2 protein chains.
Amino acid sequence: MVSLSKKTTRRGGRVSRSKKRTGGVTMDHVAREAGVSLMTVSRVMNNVPGVKASTRDSVMRAVKALGYSPNAAARSLARNGAGRIGLLYSNPSAGYLSQFLVGALDGAQTSGALLVIEKCDASLESEAAAIGRLIAGGMAGVILPAPHAESDSAIAALREAGVVAIAVGTGHARPDAHGVRMDDFAAAAEMTRHLIELGHRRIGFIKGAVNQTASVERLLGFETEIRRADPPADCLVEPGDFTYRSGFEAAERLLSSDHPPTAIFASNDDMAAGALAAAHRRGLDVPGDLSVAGFDDTPLATAVWPELTTIRQPVARMAEAALRLVLQESRDQSRRDSRAPIDQLLPHQLIVRASTGQVPDKS
Amino acid sequence: MVSLSKKTTRRGGRVSRSKKRTGGVTMDHVAREAGVSLMTVSRVMNNVPGVKASTRDSVMRAVKALGYSPNAAARSLARNGAGRIGLLYSNPSAGYLSQFLVGALDGAQTSGALLVIEKCDASLESEAAAIGRLIAGGMAGVILPAPHAESDSAIAALREAGVVAIAVGTGHARPDAHGVRMDDFAAAAEMTRHLIELGHRRIGFIKGAVNQTASVERLLGFETEIRRADPPADCLVEPGDFTYRSGFEAAERLLSSDHPPTAIFASNDDMAAGALAAAHRRGLDVPGDLSVAGFDDTPLATAVWPELTTIRQPVARMAEAALRLVLQESRDQSRRDSRAPIDQLLPHQLIVRASTGQVPDKS
DNA sequence: ATGAAAGCGCTAACAT
DNA sequence: ATGTTAGCGCTTTCAT
């Protein structure tokens, strides 16, 4: 009855050749290889403190040697449903989504969470229904990417049900939910500075959808930097709603003004692409005659020509962060429930590509 | 503590208030509610034949009443890895992907499969590595959306490992793997007919990436229909690679020819968007001066202006179908292994929007 | 610091 | 046609 007896016991002698090869190595194998108990391996895999360094090492070596990778399903089961995380989305068109899903899926795989992805359309009823399904499905937490992150009713419903909510991509921290986001204000300011440094002194701005707080922050960041420009700068602001078409139309208005801007900063890439089209239509060269900047760095940014100067929003990493956060919070929730929401800020990046350049000499 | 007696037994009295609320109802609850054994519930949930209709009914009623929904993790575990399905993707930019993921995820949820999503980049080594991970991870089957569906090496590796492979979106059936796809030839022909019916007699075509068989089928469908036109029609074919930029450039070439076409049919929406930009740049009105048609009906199709006439490829449903197929096949595989691959064809749809119109009178 | 035992929700094989 | 038993791979609680 030494180490091997256990093995014999496990599947019993019953099913003779039931080697269904589920993927092979389990913790058991690793444990035997490392000469420790299964529990120790579990502790190592979960970074639980009380393990001697040497033991941890030999376990890690065994893991490597056997190519062990934990089984998410088993983990989720053993953890008794903790780690069942919902994700609500509505706009499959956003270049955003696939990146976000990928990030979340990735995080789910590493952390052993079980992601349940729920879809709804733009209407409030549909959103409420989806939230209902998520709650009924027993989620420990729910991730809300924009625009659902702005939905008071969704977050209220979740709170009421005792489900942790994470708002992703809002313009500022929410008082009623944890959040993962970027600094839209600073990013917009940075882009504006980039344009100003290129010599632009008359810059058009295309706003995003008004119901998203991030839109406001982007505008504020832009305006603030315009006011700060040393040889003073001037700006024209047009409404938009994050769609290509609204960007096209806004750019048309901008370019047909008496004194058109030499640069256009759109609040997202879709609208920037629209602005690009408007410029081309007028026979303007980008960036020779007009600079165009976007925001988000979605796939579209490099799918258009010239490729867009834009702000890289770390969407995938935000999704991962959201996943980790919701997991952690749903675990802790039982203890101290009523504390201030966490607000996690991720770094963005200015990506200079081909759509922005020096201001044209004299105009 | 009435019907809860068993409940007490379950977690033992040990963990006093361990009501971690995993989502609530389990098969056990349903079984008790319906007055049958747990196994019967399992059989009903899995549509196993040998259950009396009346029993099945009462179980279903209990399921409804309690709002029961099966736990995918537990299922996957119990099935010992069967139902562990891999999905390989590489191009997160494709408007394709998020729809595909959503479809697959959806199917996974209903069928209780456990989707493992693996990423790789375009290189062959990276693909091989990803396939290796998937195999090592013990997948019962792997879904390969385009362009991986064209990879002989990937499919060979999978076969060798005894893992079921499903190729999605290829131009024709593969001899070495099951497939789910649409009729690219017929769809392209249909679009061409649409253009011809609008009076166009000189039509430009922008080809897709040469390494995808679907590209070839689309071209063939186009050419066939051109030849069939009654007042005879003429065509110009330009290469492309499915990117916006290649579409833009191809359209430039097309439009700068001595006798330019009155309509351009691009092999996908990205390239059609590029063609749109090229037209705008020349001050051409779409569809007044030039009609433009795309293919796929990705989100981009409605994000550009004018919105694209295109072919709707049922991506999400293809993903679902692929999931169902891989599940079924991986289950049956043990029995009869060596039979002809299944080839599943899904219906497409011609979507007429604003980018195509009557041929301009005289030119 | 480590191990043993029990059980997460479900399905497979084996009774009945 | 339905019930019983064992166990999927892991984490939990309780020893040691």
Side-chain angles (χ1 to χ4, degrees), chain A residues 1 3 6-16 18-31 34-46 48-56 58-59 68-84 112 114 138 331, chain B residues 7 9-16 18 20-31 34-46 48-56 58-59 68-84 112 114 138 331 334:
Chain A
M1 283 290 189
S3 39
K6 192 120 149 245
K7 184 69 185 183
T8 315
T9 312
R10 278 159 104 247
R11 255 284 184 188
R14 267 199 299 128
V15 187
S16 48
S18 81
K19 289 208 67 176
K20 275 205 106 178
R21 289 291 286 121
T22 184
V25 292
T26 76
M27 270 196 178
D28 231 79
H29 301 165
V30 177
V36 297
S37 89
L38 192 154
M39 256 330 287
T40 305
V41 179
S42 171
R43 289 197 178 91
V44 171
M45 293 310 289
N46 291 289
V48 175
V51 181
K52 217 180 351 181
S54 61
T55 315
R56 164 164 267 123
S58 66
V59 169
Y68 168 75
S69 105
N71 179 324
R75 207 177 240 189
S76 163
L77 231 206
R79 280 180 184 160
N80 191 21
R84 203 135 104 192
L114 208 69
R331 204 165 294 168
Chain B
K7 183 78 181 177
T9 314
R10 279 159 101 245
R11 255 283 185 188
R14 270 196 298 128
V15 189
S16 49
S18 80
K20 277 204 105 177
R21 285 292 288 122
T22 184
V25 292
T26 77
M27 270 194 176
D28 233 78
H29 301 165
V30 177
V36 299
S37 88
L38 193 153
M39 250 336 276
T40 305
V41 180
S42 170
R43 288 201 252 267
V44 171
M45 294 311 289
N46 292 286
V48 176
V51 181
K52 217 178 357 181
S54 62
T55 315
R56 163 165 270 125
S58 66
V59 169
Y68 168 74
S69 105
N71 178 324
R75 203 177 243 187
S76 163
L77 232 205
R79 279 182 183 158
N80 192 22
R84 204 135 101 191
L114 207 69
R331 203 166 294 169
S334 38

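The structure presented is a predicted model; accordingly, all values stated were derived computationally and were not measured. In the text below, chain A, chain B and the rest are named by the order of the sequence lines, each starting its count at 1.
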So which heavy atom on [X] is nearest to which on [Y], and how close?
X	Y	result
B:P70	B:M45	CD-CE, 4.1 Å
B:N46	B:R79	OD1-NH2, 3.1 Å
B:V30	B:V41	CG1-CG1, 3.9 Å
B:V25	B:Y68	CG2-CA, 3.4 Å
B:S37	B:A31	C-CB, 3.8 Å
A:A34	A:S58	CB-O, 3.9 Å

Task: Pairwise side-chain contact, A:R84 with B:N71, heavy-atom cut-off 4.5 Å (strictly under) - done: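 The answer is yes, as the side chains (C-beta and beyond) meet within the 4.5 Å cut-off.
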Task: Minimum side-chain heavy-atom gap B:V48-B:M39 below 4.5 Å - done: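 SC-SC contact between B:V48 and B:M39 ruled out.
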Nearest whole Å is fine: how far is [N] [atom2] from [X] [atom1]?
X	N	atom1	atom2	value
A:R84	C:dC8	CZ	C1'	11 Å
A:K52	C:dG3	NZ	P	10 Å
A:R75	C:dG7	CZ	P	22 Å
A:M27	D:dG7	CE	P	20 Å
B:D28	D:dT4	CG	P	12 Å

- [ ] Report the distance from atom CG of B:L77 to atom CZ of A:R75, rounding to the nearest 0.5 Å.
- [x]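 Rounded to the nearest 0.5 Å, the CG-CZ separation comes to 12.5 Å.
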Task: Residue mapping more 5' on DNA chain C - nearest nucleotide basis, A:G35 or B:Y68 - done: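 Counting from the 5' end, the first nearest nucleotide belongs to A:G35.
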- [ ] Could you check B:R56 against A:A74 and say which one's nearest nucleotide on DNA chain D is further toward the 5' end?
- [x]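 Nearest-nucleotide comparison on DNA chain D picks B:R56.
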Open item on the list: Reading 5' to 3' and counting Watson-Crick or G-U wobble pairs with both distances under 3.5 Å, write the dot-bracket notation for DNA chain C, | for bases paired outside the strand.
Closed with: |||||||||||.||||
Open item on the list: Within residues 36-46 of chain B, which residues have any heavy atom lying less than 4.0 Å from an atom of DNA chain C?
Closed with: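 Heavy-atom contacts with DNA chain C come from B:L38, B:M39, B:S42, B:N46.
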Task: Phosphate OP1/OP2 of D:dT2 contacted by B:T55 side-chain N/O (<4.0 Å) - done: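 Affirmative; the distance criterion is met.
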